Structures are given as C-alpha cells and as structure tokens.
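First the proteins, then the strands, lettered A, B, ... as listed; each starts at 1. As the structure is a computational prediction, the values presented were derived from the model and not from experiment.
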Amino acid sequence: MTQFTRREFLRTGAAGTGVGLLGLSVGGGLAGCAAPLTADIAPTTRRRVIVIGGGWGGATAAKYLRMGDPSIEVILLEPNREFVSCPFSNLVLSGVRAIDSITFGYDGLRRHGVRVLHEAATAIEPDRRRVRLADGYLQYDRLIVSPGVEFQWEQVEGLAANQDKVLHAWKAGPQTVQLAQQLHSMPDGGVFVLTVPPMAYRCPPGPYERACQVAWYLKTRKPKSKLIVLDANPNIVSKTGLFREAWKAYPNLEYRASNKVIAVDPGLREVRTEFDKVKYDVVNLIPPQRAGTIAVQADLVGADKRWCEVNHTTYESVKHKNVHVLGDSTIGLPVPKSGTVANAMGKISAIAVVALLNDKPVPLMAPGNTCYSFVSDREAIAVVNSYKIENGKVVMIEQKLTPAQSPFVAQRAEGWAKSIWHDVLG
Amino acid sequence: MHTMATALLACTALLAALAVSEGWAAGPFDAPGFTKVFTCTACHGPAGNSESDSMPIIAGMAPEYFKKQIAAYAAGKRPSPEMEPFAKMVMHLGVDDVAAYFAAQKMQPTRMTADPAAVERGRKASEPCVVCHGKDGKGDVEKGIPTLAGQPAGYLREQMALFKADKRNPGDVQVKATKALMATMPDASLADMAAYYSSRR
C-alpha cells in the first residue's frame with residue numbers, strides 16, 4: 001500500500017480503509033501530506049462543491065463559494081492551465097493588444113483555497129452525486145456546471161474535417177493568435193470573410209466588434225483589402241445603430257444580412273450560403289453553438305438539445321437536483337450570453353449554494369450586464385442591462401446604450417476589464 | 001501523473017483545512033447588504049475599492065452623497081449609460097442598504113500612481129478648489145462635498161471634463177460653482193488636478 005492511484009483509492013475507500021491511511025506516507029515527496037486524501041471518499045465531514053469549467057462563471061463561483069463559507073471544500077475542474085479572456089480578444093486580432101495581456105493563471109483562486117485541478121470532467125452522475133474524471137470519481141454535495149459553449153460543427157458542411165484550417169477564434173486562446181497571424185499575413189487586396197452564426201450564440205455583439213477590428217486593421221495596414229460579413233441573422237443583433245454608425249468609417253466592410261453559411265471548402269477557399277458562393281483569402285467562420293458537451297451528455301439540456309434551463313434564483317438545473325448550471329450554456333433568462341452575466345451568475349449561484357448547504361433561505365438576486373465593444377483602436381460603445389426578480393423570474397429593469405462611440409467609453413471598458421478580471425480570478 | 005495530481009489535491013486540502021482550523025471568520029455574505037452589492041463590485045472592486053483608473057472608489061463613501069448620486073443617475077440627471085440602469089437596480093434593491101454597505105467599508109486609496117511633475121502642477125492649479133474640497137481634497141460630509149483624495153485619476157479627470165462641458169447634472173445649482181470654476185481651467189490642468197487629488201491620502 002505504498003502507492004495509490006485515485007481509482008484504487010476510491011475503490012478501497014468504500015470499504016473503509018481510508019481512515020487507516022491517516023498519517024501514512026503515500027509515495028514520496030509531495031505525497032507526504034496525504035492525510036486528507038480521505039476527503040476523496042464520501043461522506044466527508046466537510047461539504048464539497050465541485051465546479052466544472054474555469055471560465056467567467058465557474059471561476060467566479062469557485063472563488064465566491066470559498067469567500068462565503070471557508071468550511072466548504074471547492075474543487076474546480078478546468079483542463080486549461082490558463083484563462084484567456086474572450087472580452088478584449090478581438091483587439092488581439094487587430095494587433096491593438098497582445099494575447100499575454102488577456103491571459104491569466106489560476107493562482108488567485110488557489111489563494112482562496114480552491115483546489116484547482118487541470119483535468120476534464122468526463123461525465124456527471126447526478127443520481128450518485130459524482131463526477132467522473134479520466135481516472136476515478138469525485139463525490140459532491142452540490143455541483144456547479146459552467147461548461148461554456150460547444151460548436152455544432154455538423155451544421156456547416158466541410159467544417160468538422162477542416163477545424164485546423166477554418167478557424168473560429170470564438171474561444172480565446174491559440175486560435176485567436178492563429179487567426180491574427182492569418183489576417184496579418186494576408187496579401188493586400190485580399191478578401192477576409194467573417195461569418196456570424198444564427199442566434200443564440202456566445203457574446204451577441206462580439207462578431208460585429210470583430211468586424212470593426214478586422215476592418216480597422218485592413219483600413220490602416222492593407223487598404224486595398226476587403227471584409228465581407230455574412231450574417232445568418234436578418235440584422236446586426238446587438239447595438240445595431242451604434243455599429244451601423246461605426247461602420248461608416250469602414251468603406252472596406254461589406255455587410256450581408258440573412259446570409260447563412262451552410263458549407264465551407266478550404267481547397268477552393270470558398271464558403272457557400274443558401275444563395276451564393278463567396279471566395280476568401282482568409283475565413284473566420286464562427287459556427288452555430290450549443291451548451292458545452294458535458295451538459296448535453298449529462299442530460300442538462302432541454303428539448304432543443306442545445307441549452308440548459310435553470311431556476312432563476314439558484315441556477316439549479318430544472319432537470320437534475322443539486323446540479324447548478326451557469327453562463328453561456330443556460331437559456332430562459334432575458335440576459336445575453338456575456339462575460340459579465342456569467343460573472344454575476346457565478347456569484348449568485350455561490351451565494352445560493354452556500355445558503356442551501358447551511359439550511360438558510362436563498363436571497364433573491366438578479367444579474368446585471370455591462371458589455372463594451374471596441375469599434376476602432378481607441379473608441380468603444382456599450383450596452384448595459386439591469387434586472388430584478390419578479391415572481392421568481394429574472395425580469396429586465398432597463399437597457400441603456402452609450403449615445404455614441406468615444407475614447408471615454410474605451411477607457412471605462414479598460415477599467416471594467418481590469419476590475420472584472422480581478423473579480424473572477426483575483 | 002495521477003498520483004501527483006492526487007498528492008497535490010491532498011496538499012491543498014490540508015492547507016485549506018488548516019486555514020479553517022485557524023478560525024476564519026464567517027464569510028462576507030453575512031455582511032448586511034452584501035447580497036445587494038455583488039453586481040457593483042464587478043466594476044467598483046472588492047468592497048467598492050476600485051482597482052482601475054476609470055471606475056470610482058465607493059468604499060467608505062458618505063451615505064447621503066451616495067444616495068444623492070444614485071437618485072441623480074436613476075433620474076437621468078447625472079447622465080451615464082452604465083449607471084442609469086444600475087442605479088434603478090439599486091433603487092429597486094433598497095438604496096439605504098446599498099449605501100450603508102459601502103459606507104461601512106474601509107476606503108483604500110487608488111494604487112495607480114501619478115507623475116510627480118503632474119501632481120505638483122495640479123497642486124498649484126487646484127488652489128481655487130481648496131475652499132470647498134479642503135487642502136487635501138477630503139471634502140466635507142456635513143455640506144455634502146465629496147472626498148476627492150485617493151480616487152483614481154482617470155475617473156477624476158473625466159468628471160472634471162463633464163463639469164466643464166456642463167454634462168454632469170445640467171441645471172443643478174449645487175454644482176454651479178464647480179462648473180464655473182472648471183470652465184476657467186485649460187484641459188491640461190484637469191489631468192494635473194486629477195493627478196494631484198489622486199495622490200492625496
């Protein structure tokens with residue numbers, strides 16, 4: 001019994017040998033402090049919450065759970081070792097920002113006592129209150145699932161087989177850098193095609209901000225080039241008037257509404273819409289989206305097989321007890337799929353879970369949304385939404401837009417980012 | 001790999017357990033008003049101590065001043081696309097509770113540093129402001145004059161520019177003198193004065 005894998009440990013744990021392990025050295029080095037391994041066997045004296053996904057919602061929830069009740073053990077499962085912010089990642093495409101400036105580690109969460117494991121949850125078993133990892137299981141008292149979005153590759157012919165050539169860059173990270181390289185190495189006079197998926201998708205104004213950044217880059221660096229935006233939607237879906245106004249500065253931007261992309265052929269360098277074929281030098285195809293795969297596999301999605309319906313005040317799944325779902329993968333609340341909303345949902349669900357685990361009433365809390373978009377290298381616009389709870393449901397109080405683009409709004413956007421990154425991870 | 005991960009898991013658990021046994025206080029969720037302010041802290045920082053240059057610090061703010069600003073934002077008198085919806089949310093939640101929460105927090109002056117030359121220029125340029133805001137910009141709670149000391153410079157500069165352009169509380173007689181004074185200031189002085197007040201403690 002000198003070396004235990006987790007699987008062996010969990011198998012034997014049920015037989016009650018865990019207690020006998022206290023004080024024993026398992027392996028060497030770091031394993032010297034192996035005593036609390038018993039925590040991996042249910043039941044524990046402490047309450048355990050597992051959070052799946054260390055994005056805006058999940059990371060926030062993990063931190064606030066620890067802040068709210070340090071006696072709760074919090075395990076965050078996130079395969080990526082670094083958090084790369086989707087907000088501000090469009091500025092990496094235009095070269096206004098470096099990817100390093102939007103990349104953060106998880107040490108801040110560790111300082112709050114969150115146990116961050118860079119592993120993927122491979123399955124959820126709600127009936128047995130456990131999460132399967134590649135090697136073994138973890139028990140939970142409550143589970144928070146914040147898996148973000150997954151792409152519906154199959155909705156666009158030729159996309160699944162060409163994921164390495166046809167980039168989405170819709171999850172900030174390596175693809176953001178690759179797409180920036182493709183844009184920057186495109187010959188002047190080339191055509192950049194950006195495609196917008198049908199609603200609902202992550203970050204409604206995001207594609208239009210991206211259009212601004214690509215158009216700004218082309219205007220200043222490759223003035224003979226052109227951007228064609230193929231939008232599956234009948235119009236710009238967010239901040240419509242403000243983007244229309246901003247685009248007046250970009251005669252190199254051609255916007256085609258109601259142009260749903262149905263196929264892509266990287267050999268011919270061509271995308272096909274329902275009516276048309278469009279040649280490209282560089283394509284950025286943002287695929288249609290649904291909730292993260294684990295939410296689909298765990299039967300947390302509704303009849304649409306895409307999104308997860310939740311209780312509006314606790315974010316508990318309507319399908320499985322003790323499982324809460326946050327962020328972009330949810331549906332049914334009148335909120336956009338934004339980082340700010342996911343951050344708010346993270347806090348609300350953490351407060352709710354702390355209350356539930358302590359047999360206290362859950363306060364009624366609604367999220368808020370602040371969403372900035374950069375329309376050039378130095379000017380931004382914003383939309384802000386506030387909400388309240390009415391009869392147990394989230395209801396919007398008000399939506400407000402900035403009257404015009406301005407450098408002041410851009411400065412406030414920078415301030416928002418700095419603050420909220422700290423709120424999520426610091 | 002997995003034994004390593006398991007060992008790390010065990011170690012963090014031990015540390016967490018130690019932290020608990022050392023007697024951590026009950027979490028901040030029990031602080032009165034916390035469940036009404038968590039939206040604010042996304043921009044205004046932990047407990048209202050802003051980390052950024054453009055968002056004001058609201059920790060330690062006098063409740064009467066706080067409430068007056070929320071009312072002005074909600075009514076559109078202090079025009080702000082960001083704050084108007086959130087001010088209405090605060091009114092819905094109960095402005096007294098939210099104001100009391102932030103008033104009870106200790107203000108930590110901004111950690112953003114300013115150019116010493118700008119601070120020195122700002123000290124001279126802001127001499128006419130002393131009569132109301134005091135020598136170090138501490139304001140006067142009784143008279144409803146806010147503290148400028150330690151606020152982020154970017155925020156102060158933007159507010160001075162809004163006063164100068166009569167875009168903050170247009171028609172409000174209480175800030176008439178401020179606007180008249182700002183109108184006499186060159187734009188460069190606004191940044192200097194912001195640097196000066198930001199540096200005060």
Side-chain angles (χ1 to χ4, degrees), chain A residues 3-6 9 26-27 29-31 33-37 39-40 46 64 67-71 73 75 110 113 115 117 119 135-136 340 343-344 347-348 351 354 363 365-368 370 382 384-388 397-403 408 411-412 414-416 418-420 422-423, chain B residues 1-20 24-30 34-36 38-46 50-56 74 76 79-93 152 154-155 157-158 161-162:
Chain A
Q3 189 95 20
F4 256 57
T5 66
R6 182 182 297 142
F9 192 80
V26 180
L30 281 165
C33 58
L37 266 178
D40 280 355
R46 303 166 66 206
Y64 275 79
M67 282 169 60
D69 186 345
S71 76
E73 180 193 15
I75 299 175
R110 292 189 179 93
R115 301 162 74 182
L117 291 186
E119 287 193 55
D135 183 14
T340 311
N343 165 260
K347 295 180 199 178
I348 296 168
I351 295 169
V354 167
M365 298 167 288
T370 308
V384 179
N385 310 74
S386 62
Y387 302 90
K388 61 183 173 182
I397 296 174
E398 187 177 53
Q399 169 168 293
K400 198 92 184 165
L401 292 151
T402 47
F408 277 125
Q411 282 166 19
R412 298 202 296 271
E414 299 273 351
W416 166 85
K418 192 174 178 193
S419 296
I420 203 163
H422 185 272
D423 196 30
Chain B
M1 189 63 211
H2 271 285
T3 41
M4 176 66 94
T6 312
L8 284 170
L9 189 72
C11 284
T12 49
L14 180 60
L15 291 173
L18 283 173
V20 172
W24 276 11
F29 298 177
D30 295 328
F34 181 83
T35 58
K36 300 183 176 186
F38 63 85
T39 305
C40 315
T41 59
C43 285
H44 289 282
S50 166
E51 306 266 330
S52 80
D53 193 38
S54 49
M55 307 292 177
S80 163
E82 284 96 334
M83 278 310 298
E84 189 175 326
F86 286 127
K88 285 175 183 162
M89 189 172 175
V90 168
M91 301 287 255
H92 172 77
L93 292 165
Y155 168 73
R157 187 174 59 89
E158 186 176 355
L162 291 174

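S419(A) places no side-chain N or O within donor-acceptor distance of the main-chain N or O of H44(B), the cut-off being under 3.5 Å. Side-chain atoms of K418(A) come within 3.5 Å of backbone atoms of E51(B) as a donor-acceptor pair (strictly under, hydrogens ignored).
Residue P81(B) comes nearest to R412(A) through the heavy atom pair CG-NH2, 4.3 Å, listed as atom of the first residue, atom of the second, then distance. Residues C43(B) and W416(A) approach most closely at SG-CD1, 3.4 Å, considering heavy atoms. Pairing each heavy atom of F86(B) with each of N385(A), the nearest pair is CE2-O, 3.8 Å.
Only the backbone of L401(A) comes within contact range of chain B, judged by heavy atoms closer than 4.5 Å. For M55(B), the part lying near chain A is the side chain, with the backbone staying farther off; criterion is any non-hydrogen pair under 4.5 Å. At a 4.5 Å heavy-atom cutoff, Y155(B) makes no contact with chain A through either its backbone or its side chain. Interface residue Y64(A): backbone and side-chain heavy atoms are both found under 4.5 Å from chain B.
Partners of P85(B) under the side-chain contact (heavy atoms from CB on, under 4.5 Å) rule, at least two apart in sequence or in another chain, are V384(A), S386(A), E398(A), K400(A). Scored by the ring pair (Phe, Tyr, Trp, His ring centres under 6.0 Å) test, F408(A) finds no partners at all (sequence neighbours excluded).
Annotation: maximal heavy-atom pairing with chain B below 4.5 Å, among I351(A), V354(A), T340(A), T402(A), occurs at I351(A). Note on K36(B), H92(B), E82(B): by heavy-atom pairs under 4.5 Å with chain A, the leading option is E82(B). Chain A forms more heavy-atom pairs under 4.5 Å with one residue of D53(B), L93(B), T41(B), T39(B) than with any other, namely T41(B).
Once rounded to the nearest 0.5 Å, the distance linking CZ of F38(B) with CG of D423(A) reads 10.5 Å. We find the CD1-NZ distance between I397(A) and K88(B) to be 9.5 Å, quoted to the nearest 0.5 Å.
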| said: Walk me through whether F29(B) and D69(A) qualify under side-chain contact (heavy atoms from CB on, under 4.5 Å). | reply: CA-CA 8 Å; F29(B) 298 177; D69(A) 186 345; over 6 Å; no

